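As structure tokens, the structure follows; a few thoughts come after it.
Every value quoted in this text rests on a predicted model; they were computed, and no experiment measured them. Position 1 is the first residue of the sequence, and the numbers go up from there. In each ligand, atom 1 is the first atom listed, and ligand 1 is the first ligand listed.
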Amino acid sequence: MTDCGCEKAKAELEEYLHNELRGDDATDIREHLQHCEDCSSEHLIGVTLTEVMQRACKESAPEDLKNLVLAKIRTVQSAH
Ligand SMILES: [Zn+2]
């Protein structure tokens, strides 16, 4: 596999999700995500999981939650 920045993007994805990156790094990741389907789908899944986890702190409905996550991931995957 050629180095298209995936390694950096994946390494920093979590910090990016939590808005913990400095401006330049965040810009690099954002640009990479726009051009890389692989990383952008990982990012979408990460965003989804983050949302779901936040929701899970407020409501506790494990079965619904599981279905929601699976549905979201399928949506992400079928978008490709
Ligand atoms: Zn990538």
Side-chain angles (χ1 to χ4, degrees):
M1 210 161 93
T2 54
D3 179 16
C4 62
C6 287
E7 207 169 308
K8 176 182 156 76
K10 285 177 182 174
E12 296 184 348
L13 194 56
E14 192 148 339
E15 289 174 67
Y16 179 75
L17 282 170
H18 297 128
N19 296 314
E20 287 168 0
L21 290 178
R22 287 179 299 112
D24 286 356
D25 285 334
T27 304
D28 284 351
I29 304 298
R30 195 179 309 118
E31 283 178 2
H32 180 81
L33 293 176
Q34 283 170 355
H35 298 106
C36 182
E37 277 191 14
D38 188 34
C39 291
S40 75
S41 67
E42 262 195 54
H43 174 243
L44 278 174
I45 290 169
V47 169
T48 304
L49 290 176
T50 304
E51 283 174 5
V52 166
M53 295 305 278
Q54 284 168 350
R55 191 182 296 199
C57 294
K58 295 172 195 155
E59 314 160 16
S60 59
E63 200 56 37
D64 286 356
L65 209 58
K66 202 174 105 187
N67 291 333
L68 184 70
V69 174
L70 290 173
K72 286 261 192 179
I73 289 173
R74 269 187 221 112
T75 305
V76 170
Q77 286 172 343
S78 68
H80 296 297

Quiz item: Cluster question for you: counting only ILVMFWY and a side-chain heavy-atom cut-off of under 4.5 Å, with indirect links fine, are Leu44 and Leu68 together?
Solution: yes
Quiz item: Hey, any chance Val52 and Ile45 share a hydrophobic cluster, counting ILVMFWY side chains that come within less than 4.5 Å of each other, even indirectly?
Solution: yes
Quiz prompt | Protein-derived N, O or S atoms lying under 2.8 Å from the Zn ion (ligand 1), waters excluded | solution = 4
Quiz item: Among all residues two or more places apart in sequence or in another chain, which pass the side chain to side chain donor-acceptor pair (under 3.5 Å) test with Arg22?
Solution: Asp25
Practice problem: Would you please name every residue forming a side-chain contact (heavy atoms from CB on, under 4.5 Å) with Glu51, sequence neighbours left out? | Solution: Val47, Lys72
Self-check item: Any residue meeting side-chain contact (heavy atoms from CB on, under 4.5 Å) with Glu14, in chain and number order, not counting sequence neighbours
Solution: His18
Quiz item: Any side-chain heavy-atom pair from Cys39 and Lys10 closer than 4.5 angstrom?
Solution: yes
